[in-house]
*Asks:* 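Dropping the structure in here first, questions after.
Each chain gets a letter, A, B and so on, in the order the sequences are listed, and its residues count up from 1.
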Protein chains: 2
Amino acid sequence: MLTFWLNLMVKEQNTDNTQERIRSAAKKIFMTRGLSGARMQDIADEAGINKALLHYYFKNKEMLFENIFLDAMQQFFPKIREIVGGEAPLFTKIENFCRQYIEMMMQNPYLPLFVVNEINNNPATFMNKFWDKEQSFLVLFVEQIEREYQAGIIKQVSPAQLFINMLSMCIFPFIAKPMWMTATGMDELQFRYFMEQRKAEVPKFIIESIKK
Amino acid sequence: MLTFWLNLMVKEQNTDNTQERIRSAAKKIFMTRGLSGARMQDIADEAGINKALLHYYFKNKEMLFENIFLDAMQQFFPKIREIVGGEAPLFTKIENFCRQYIEMMMQNPYLPLFVVNEINNNPATFMNKFWDKEQSFLVLFVEQIEREYQAGIIKQVSPAQLFINMLSMCIFPFIAKPMWMTATGMDELQFRYFMEQRKAEVPKFIIESIKK
DNA sequence: GTCTATAACTCGATAGAC
DNA sequence: GTCTATCGAGTTATAGAC
């Protein structure tokens, strides 16, 4: 009878623990291999449990995946909004965005390729949950550029082109990381240093190009 | 007896034909779904044949994939070398690269994500066939930048940073295409026009930033 | 070369004991 | 909650007829 209660205590304790171990394992496997490339067995192994227990916590593969993917989207998009949609002057926004976004990806190097890939496999379904067309911050960004042009701070530039230039230079190096490392012969440490430098180099490069 | 020879003629004719139909179908399926997402059945359907015949021409899935993937790499890398490794002055090279590379991807929109993905799944194996570290054109590019800096044409810039900036701005928009289209509300035609503009916008943006 | 039929296997999911 | 064992659908690959 005592054993029963002891077991219960220990096992209830493990609920959160195991669930988190699974999420962490799933994140790792899904991010590196994608939905179709990931195996439930691999996730179970990574979490140190078996497939049956995996299905106990997450009914099926789709549900586990959606759980992980929505988290990733949450990390990827609102951060853009938060920085670009704020109140600061344009040059400050550009500096903040590059520094913070590159920092975030240095801690999550697989995030961008993962997000981009799964959006590709499922164009509309997921995006709609994260992109509210009506009150998009892009409109505010466009207006700000127009204002700063009128004020003589920057040259005349296409806001969309400028915006995707900034995104490209921040995100692409992480997407092409293995390719880039092989091509240049960089090791992991050198790549980190290279990206660390980009936190300042990219905004400098952009501002140099658009300032009047 | 006559039938025999007639059959032989017709069927020999079909060899090349079918093989090409398969390669074309496989290219389409692999490029959009990746290695693990593609099904041999889908490829057979797309080619208008059955699975057995697919295996007659390509022993197994891996071999068919490798055939397609090496072709893709061939299109992706040597073109960079060809343009960046040439004799023209730096600004001309930048203009040529952006225009030609963007044009190539407009005709092959799935190419970059496909290449990047499968390199990710197989870091060294494939890359080594396409990247000869010793006589890399990157060395020549670095020297050219040094020369043009000494000549007072450009500011002092890190060649590696400049190079990946250029790659990023040309390639990333194709990688993020579905995301970008949803976020901006562009349709297929508007995206084409947007990329058409980038052929001139990107080099302008870069040169504006580095010219003295 | 091309097909139909099927073997062989992988993998997600469930049953049922503890 | 966790495990072992197993089912069944879906996929790659092969056998064998035409």
*Asks:* Apply the test side chain to side chain contact (heavy atoms under 4.5 Å, CB included) to residues Leu35(A) and Asn117(A): give CA-CA distance (whole Å), side-chain angles for both, the deciding distance (0.1 Å), then the verdict.
*Replies:* CA-CA 9 Å; Leu35(A) 173 56; Asn117(A) 261 317; over 6 Å; no

*Asks:* Heavy atoms only, 4.0 Å cut-off, all strands: where does Ala38(B) land among base, sugar-phosphate and nothing?
*Replies:*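 The answer is sugar-phosphate, as Ala38(B) gets under 4.0 Å only of primed atoms, P, OP1 or OP2.
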
*Asks:* If you draw a 6.0 Å radius around OH in Tyr110(A), do more than 12 non-hydrogen atoms from other residues or ligands fall strictly inside?
*Replies:*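 At most 12 heavy atoms, drawn from other residues, nucleotides or ligands, come within 6.0 Å of this atom.
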
*Asks:* Atom CG of Leu54(B) to atom C1' of dT11(D): distance rounded to whole Å?
*Replies:*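 Atom-to-atom, Leu54(B) to dT11(D), this comes out as 13 Å.
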
*Asks:* CZ of Phe65(A) versus P of dA13(C): gap in Å, rounded?
*Replies:*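 Nearest whole value for this atom pair: 14 Å.
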
*Asks:* Taking the side chain of Leu53(B) as heavy atoms from C-beta outward, which of dT4(C), dG1(C), dT14(C) is closest to it?
*Replies:*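 Between dT4(C), dG1(C), dT14(C), the one nearest the side chain of Leu53(B) would be dG1(C).
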
*Asks:* Determine whether the aromatic ring centres of residues Phe65(B) and Phe30(B) are separated by less than 6.0 angstrom.
*Replies:*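 Yes, the ring of Phe30(B) comes within the 6.0 Å limit of the ring of Phe65(B), centre to centre.
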
*Asks:* Looking at His55(B), I'd like to know whether one of its side-chain N or O atoms comes within less than 4.0 Å of OP1 or OP2 on dA13(D).
*Replies:*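 Indeed, a polar side-chain atom of His55(B) lies that close.
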
*Asks:* dA13(D) C1' sits how many Å from Glu62(B) CD, rounded?
*Replies:*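 Taking atom C1' of dA13(D) as the reference, CD of Glu62(B) is at 13 Å.
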
*Asks:* Calculate the interatomic distance between Gln41(B) atom CD and dT12(D) atom C1'; express it in whole Å.
*Replies:*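 So the two atoms are 11 Å apart, to the nearest Å.
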
*Asks:* Counting only side-chain heavy atoms from C-beta out, which of dG12(C), dC3(D), dC3(C) sits nearest to Ile49(B)?
*Replies:*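 For Ile49(B), the side-chain atoms sit closest to dC3(C).
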
*Asks:* When you measure from the side-chain N and O atoms of Arg39(B) to the phosphate of dT12(D), is any distance below 4.0 Å, counting only OP1 and OP2?
*Replies:*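 For Arg39(B), the contact criterion (side-chain N or O under 4.0 Å from OP1 or OP2 of dT12(D)) is met.
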
*Asks:* Hey, is the side chain of Thr18(B) poking within less than 4.0 Å of OP1 or OP2 on dG1(C), counting only N and O atoms?
*Replies:*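 For dG1(C), neither OP1 nor OP2 has a side-chain N or O of Thr18(B) closer than 4.0 Å.
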
*Asks:* To the side chain of Met40(B), which of dA13(C), dA13(D), dT2(C) is closest?
*Replies:*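 Closest nucleotide among those given: dA13(D).
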
*Asks:* Report yes if some heavy atom in the side chain of Arg33(A) is under 4.5 Å from a heavy atom in the side chain of Phe114(A); otherwise report no.
*Replies:*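 Arg33(A) vs Phe114(A): side chains apart.
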
*Asks:* Taking NZ from Lys61(B) and C1' from dT11(D), how many angstroms apart are they, rounded to a whole number?
*Replies:*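 Taking NZ of Lys61(B) and C1' of dT11(D), I get 8 Å after rounding.
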
*Asks:* Measure the distance from CG on Asn17(A) to C1' on dT2(D) and round it to the nearest whole Å.
*Replies:*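 In whole Å, dT2(D) C1' lies 14 Å from Asn17(A) CG.
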
*Asks:* Please report the distance, rounded to the nearest Å, between CG in Leu64(B) and P in dT12(D).
*Replies:*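 Whole-Å distance recorded here is 11 Å.
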
*Asks:* When all nucleic acid strands are considered with a 4.0 Å heavy-atom cut-off, which category describes Asn60(B): base, sugar-phosphate, or nothing?
*Replies:*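 If one applies the 4.0 Å heavy-atom cut-off, Asn60(B) turns out to touch the sugar-phosphate alone, with no base involved.
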
*Asks:* Would you call the rings of Phe194(A) and Trp180(A) parallel, tilted or perpendicular, where under 30° means parallel and over 60° means perpendicular?
*Replies:*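 Because their plane-to-plane angle is under 30°, the rings of Phe194(A) and Trp180(A) count as parallel.
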
*Asks:* Between Asn50(B) (CG) and dT12(D) (C1'), how many Å, whole number?
*Replies:*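 Atom CG in Asn50(B) sits about 14 Å away from atom C1' in dT12(D).
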
*Asks:* Could you check which of dA15(C), dA15(D), dT12(D) has an atom nearest any side-chain atom of Ala52(B)?
*Replies:*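 When the side chain of Ala52(B) is considered, dA15(D) is the closest of dA15(C), dA15(D), dT12(D).
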
*Asks:* Measuring to OP1 and OP2 of dG1(D), would you say a side-chain N or O of Tyr56(A) lies under 4.0 angstrom away?
*Replies:*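 The answer is yes; a side-chain N or O of Tyr56(A) sits under 4.0 Å from OP1 or OP2.
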
*Asks:* Kindly point out which of dA13(D), dA15(D), dG1(C) is positioned nearest to the side chain of Tyr57(B)?
*Replies:*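 Closest nucleotide among those given: dG1(C).
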
